Amino acid sequence: MEGTVRVRFAPSPTGFLHIGGLRTALYNYLFARHFKSGTFILRIEDTDQSRYVEGAEEDIIQSLEWCGMEIDESPFHRGDYGPYRQSERKEIYHSYAEKLIESDHAYYAFDTPDELDQMRERLQKSGNPSPKYDAVTRQSMKNSLTLPRDEVEKRLDAGDEYVVRLKVPRRETVRFEDIIRGHVSFETKGLDDQVLLKSDGMPTYHLANVVDDHEMKITHVIRGEEWLSSTPKHILLYNAFGWDVPEMAHLPLIMSPSGGKLSKRKAEEEGIPINTKEYIKQNYEPEALVNFLAYLGWSPGDDSEIHSLDELCELFTLDRVSKGGAVFNHKKLLWYNEHYLREQPDGVLAERIKKVAADKDHVDLPDDEHLKKAISLLKDRVSKIEEILEMGDFFFKDPEAYDEKALKKWKSDSAALVKEYRESIQSLDEENFEAVSLKSNLEEVINKNDVGFGKLMMPLRIAVTGQGFGPDLFASMELLGKETVIKRINKTLEKLG
RNA sequence: GCCGCGUUCGUCUAGGGGUUUAGGACGCCGCCCUUUCACGGCGGUAACACGGGUUCAAAUCCCGUACGCGGUACCA
């Protein structure tokens with residue numbers, strides 16, 4: 001198997017890449033890279049022209065790249081099996097559809113949507129709860145199996161609208177082995193004569209998918225569980241063409257915390273970003289998303305939790321993917337995010353913060369040295385990089401308001417204590433305005449007044465930061481500098497007396 | 001409705017006949033550290049859906065039931 005593995009991620013560009021799609025892509029990627037020279041292909045399945053969304057293709061590529069996945073073949077990467085966009089492969093599907101008709105595995109059907117509705121209605125009325133266009137009903141419909149040969153020719157020549165349908169055998173059992181689920185079987189009587197070629201000339205997913213997977217020499221089909229029930233149709237197609245069926249692996253679905261497949265609507269209700277784009281915009285750490293997603297439905301079998309993309313490639317195997325749906329746990333994602341955030345050197349974070357700040361029109365960042373120090377004080381307290389800006393706001397500008405909860409700690413004797421502390425640090429010059437001195441000065445004041453540490457520390461924190469929580473106060477003051485600290489204390493004294 | 005797939009702590013999972021008083025992680029709770037909030041460290045809470053088999057022995061194998069999810073289109 002080594003060296004010959006070829007897998008594809010095949011999204012339809014009907015919107016931005018969502019988190020479930022991203023995980024499918026990730027598992028395909030991990031599987032491909034697990035083998036030395038596996039190939040990871042991106043194929044665009046744009047056969048539904050009415051749902052095409054402008055910019056979706058670019059979004060998919062950007063999302064994958066943001067996560068660190070390298071694409072080997074795609075419409076934007078050279079490959080020997082293109083084109084990689086299904087809308088550009090129409091002729092291929094047509095010629096294969098014709099082969100199917102010639103070998104009596106498919107047929108032309110001329111029924112209008114209205115006629116199909118009527119058929120279903122009629123069958124429902126006569127007690128059939130799930131009407132199908134199948135081996136029985138096709139005998140009473142307008143198709144090349146029931147119409148005289150010359151009328152079929154005439155209709156085709158006249159340019160009448162038609163579809164090509166798969167001639168599903170009446171009574172057969174389709175069996176296949178799924179790498180994740182094991183033995184799976186379906187009866188063909190539950191299937192209908194699937195449309196292969198639509199009346200607009202485009203293939204349906206089923207035809208295009210099978211033809212492309214074969215033409216592109218895909219060895220393993222790794223996709224979401226929602227495809228499991230259409231797999232027998234695909235098997236039938238492979239058999240009709242006389243092709244080998246690739247290995248199949250159907251992934252468990254990602255579920256919403258409230259139950260059901262994680263949909264856009266549900267995700268939004270529960271505060272979970274649904275599109276990869278949103279994770280990028282909200283400045284999540286890509287390593288965190290990747291690590292989290294990899295573990296959503298898979299585990300390496302030991303107690304490890306943290307792995308880079310490269311490590312995941314090494315560890316990943318399909319037989320360790322779980323079968324049941326996995327609920328998206330946003331808090332665990334944040335935990336991963338915190339982990340990868342803290343791992344980064346302050347200098348790297350500083351450069352990134354500058355970009356984040358620019359995006360948010362955040363001004364007044366201090367110089368690099370100060371910024372780095374501020375980051376090192378803040379990064380252990382936030383979940384996402386952008387929160388450094390929020391929590392550390394006081395490093396960048398004077399507090400405009402005081403946190404209400406914190407204000408409760410400003411007692412009647414606070415002003416006097418803060419005043420006394422201000423006097424004591426006035427004597428420190430800029431160079432000696434350091435955390436240790438600032439702390440010992442505070443200790444002197446509280447000892448003299450015989451009060452607890454917090455009695456002065458909290459009001460002082462409010463004065464300097466406007467908040468009731470945050471990084472080490474003395475280190476923060478040192479970073480802010482004497483002038484700023486004194487200025488803020490004065491201003492607070494004025495305001496709160 | 002029918003067809004298919006699934007079901008171990010609240011969540012993600014390990015475990016796949018005896019190694020299990022069912023392990024880890026997130027969360028939650030408590031303690032320690034501490035000037036606050038965090039980080040960190042330590043500890044705790046909490047699960048084999050149910051009922052029948054098979055077996056000396058079942059979370060693990062089989063069969064049912066329940067529940068969940070997916071599919072049932074000229075959408076993917």
Side-chain angles (χ1 to χ4, degrees), chain A residues 10-14 21 45-48 50-51 86 109 111-113 116 120 124 128-133 161-165 178 180-182 184-187 189-192 194-206 208-209 223-232 250 252-253 255 257 259-261 292 295-306 320 322-336 338 342 377-383 391 406 409 439 442-443 446 452-458 460-462 465 467-474:
Chain A
S12 57
T14 53
E45 308 224 327
D46 55 347
T47 55
D48 186 351
S50 66
R51 293 206 300 159
Q86 292 185 327
D111 317 276
T112 65
L116 290 173
R120 287 181 187 124
Q124 239 152 10
N128 184 341
S130 47
K132 284 178 189 62
Y133 200 120
E161 288 208 336
Y162 69 90
V163 300
V164 172
R165 283 181 184 271
D178 187 283
I180 295 166
R181 277 146 224 290
V184 182
S185 74
F186 287 84
E187 302 296 327
K189 68 169 185 243
L191 269 34
D192 58 3
Q194 194 60 53
V195 170
L196 264 20
L197 226 45
K198 300 185 270 189
S199 59
D200 66 356
M202 278 296 199
T204 56
Y205 172 86
H206 308 286
N209 197 261
R223 73 225 304 191
E225 195 189 341
E226 71 267 30
W227 294 108
L228 190 60
S229 2
S230 20
T231 305
H250 288 91
L253 262 21
M255 316 292 278
K261 187 164 139 180
F292 169 73
Y295 271 71
L296 206 55
W298 171 85
S299 90
D302 56 25
D303 287 344
S304 64
E305 298 283 342
I306 304 292
R320 293 206 60 86
S322 38
K323 298 181 177 81
V327 175
F328 191 99
N329 184 347
H330 196 227
K331 282 194 169 158
K332 185 141 192 190
L333 204 213
L334 288 177
W335 175 77
Y336 273 115
E338 289 158 10
R342 278 177 218 132
L377 290 172
L378 292 161
K379 73 170 173 183
D380 282 348
R381 289 152 218 275
V382 298
S383 293
M391 181 172 268
K409 304 262 171 142
K439 187 176 183 184
L442 184 138
E443 276 161 351
I446 61 163
F453 207 104
K455 268 291 197 194
L456 174 48
M457 198 282 281
M458 273 322 263
L460 185 59
R461 177 179 286 284
I462 294 166
T465 73
Q467 299 168 336
F469 57 87
D472 183 276
L473 183 57
F474 305 107

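Keep in mind that what you see is a predicted model, and the values were worked out from it rather than measured. The basis for the numbers below is simple: all heavy atoms, side chains too, and nothing from hydrogens, waters or symmetry mates. Throughout, protein chains are lettered first and strands after them, A, B, ... in sequence-line order, and every chain is numbered starting at 1.
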What is the glycosidic conformation of B:rC26: syn, defined as within 90° of 0, or anti? anti
Atom CG of A:L334 and atom C1' of B:rU11: how far apart are they, to the nearest Å? 14 Å
Work out how far the P atom of B:rG30 is from that of B:rU65, and round it to whole angstrom. 46 Å
Both distances under 3.5 Å, Watson-Crick or G-U wobble: report the partner of B:rC74, or none. none
Closest non-hydrogen atom pair between A:L197 and A:P203, with its separation: CD1-CA, 3.8 Å
Pairing partner (Watson-Crick or G-U wobble, both distances under 3.5 angstrom) of B:rG16: none
Using a 4.0 Å cut-off on protein heavy atoms (strictly under), produce a 5'-to-3' string for nucleotides 71-76 of chain B with B for base contact, S for backbone-only sugar-phosphate contact, and - for none. S-SBBB
A:Y336: ring pair (Phe, Tyr, Trp, His ring centres under 6.0 Å) partners, not counting sequence neighbours: none
Distances under 3.5 Å between nitrogen or oxygen atoms of protein and nucleotides 43-50 of chain B:
none

Base, sugar-phosphate alone, or nothing: which one does A:G260 contact when heavy atoms must sit under 4.0 Å apart? sugar-phosphate
When rounded to the nearest Å, what value does the distance between C1' atoms of B:rU11 and B:rC3 take? 30 Å
Base-pairing mate for B:rC69 - Watson-Crick or G-U, with both contacts under 3.5 Å: B:rG4
Residues in side-chain hydrogen bond (donor to acceptor under 3.5 Å, both in side chains) with A:R51, at least two apart? A:D48
Residues forming a side-chain hydrogen bond (donor to acceptor under 3.5 Å, both in side chains) with A:Q194, sequence neighbours excluded: A:K233
Side chains of A:D178 and A:L228: does their closest heavy-atom pair fall under 4.5 Å? yes
Check side-chain hydrogen bond (donor to acceptor under 3.5 Å, both in side chains) between A:T231 and all other residues, then give those that pass, not counting sequence neighbours. A:R223, A:H250
Inter-nucleotide P distance (B:rU8, B:rU35), Å rounded: 45 Å
According to the Watson-Crick and G-U wobble definitions, with both distances under 3.5 Å, which nucleotide is paired to B:rA46? none
Taking CZ from A:F186 and P from B:rG4, how many angstroms apart are they, rounded to a whole number? 7 Å
May I ask you to say what A:G452 touches in the nucleic acid, namely base, sugar-phosphate or nothing, with a heavy-atom cut-off under 4.0 Å? nothing
With P as the reference atom in both, quote the distance from B:rC42 to B:rG27 in angstrom, rounded to an integer. 15 Å
Step by step, would you call A:V195 with A:Y133 a side chain to side chain contact (heavy atoms under 4.5 Å, CB included)? CA-CA 10 Å; A:V195 170; A:Y133 200 120; over 6 Å; no
Hunt down the Watson-Crick or G-U wobble partner of B:rU11, both distances under 3.5 Å, from any strand shown, or write none. B:rA25
Nearest-Å distance once atom P is located in both B:rG6 and B:rG23: 27 Å
Can you name the closest pair of heavy atoms from A:N209 and A:Q86 and give their distance? N-NE2, 4.0 Å
Not counting sequence neighbours, which residues clear side chain to side chain contact (heavy atoms under 4.5 Å, CB included) with A:K331? List them please. A:N329
I'd like to know if A:K332 pairs up with A:E305 as an ion pair, taking the criterion as any Lys NZ or Arg NE/NH1/NH2 lying under 4.0 Å from an Asp or Glu carboxylate oxygen. yes
With sequence neighbours excluded, residues passing ring pair (Phe, Tyr, Trp, His ring centres under 6.0 Å) with A:Y205: A:W227, A:H234
Which nucleotide, if any, forms a Watson-Crick or G-U wobble pair with B:rU34, using both distances under 3.5 Å? none
Separation of the P atoms in B:rA47 and B:rG4, to the nearest angstrom: 34 Å
Atom CZ of A:R181 and atom P of B:rC3: how far apart are they, to the nearest Å? 19 Å
Could you work out, with side-chain hydrogen bond (donor to acceptor under 3.5 Å, both in side chains) as the rule, every residue matching A:K409, not counting sequence neighbours? none
Sequence neighbours excluded, the answer for side chain to side chain contact (heavy atoms under 4.5 Å, CB included) partners of A:T112 is A:D114, A:E115
Counterpart residues, side chain to side chain contact (heavy atoms under 4.5 Å, CB included), relative to A:D302 (two or more places apart): A:P300, A:S304
When the distance from CD of A:Q124 to C1' of B:rC2 is rounded to whole Å, what number comes out? 12 Å
Report which part of the nucleic acid A:S185 touches: base, sugar-phosphate, or nothing (heavy-atom distance under 4.0 Å, all strands). sugar-phosphate
Distance between the P atoms of B:rA46 and B:rC29, in whole angstroms? 16 Å
Contact under 4.0 Å: A:R320 side-chain N or O vs B:rG15 OP1/OP2: yes
To the nearest angstrom, how far is A:H330 atom NE2 from B:rG10 atom C1'? 17 Å
Pairing nucleotide - B:rA59, Watson-Crick or G-U, each distance under 3.5 Å: none
Could you measure between the two P atoms, the one in B:rC62 and the one in B:rG16, and give it in whole Å? 15 Å
Sugar-phosphate atoms are those with a prime plus P, OP1 and OP2; base atoms are the rest. Using that split, label each nucleotide of nucleotides 20-38 of chain B B, S or - for protein heavy atoms under 4.0 Å, 5' to 3'. ----BBBS-------BBBB
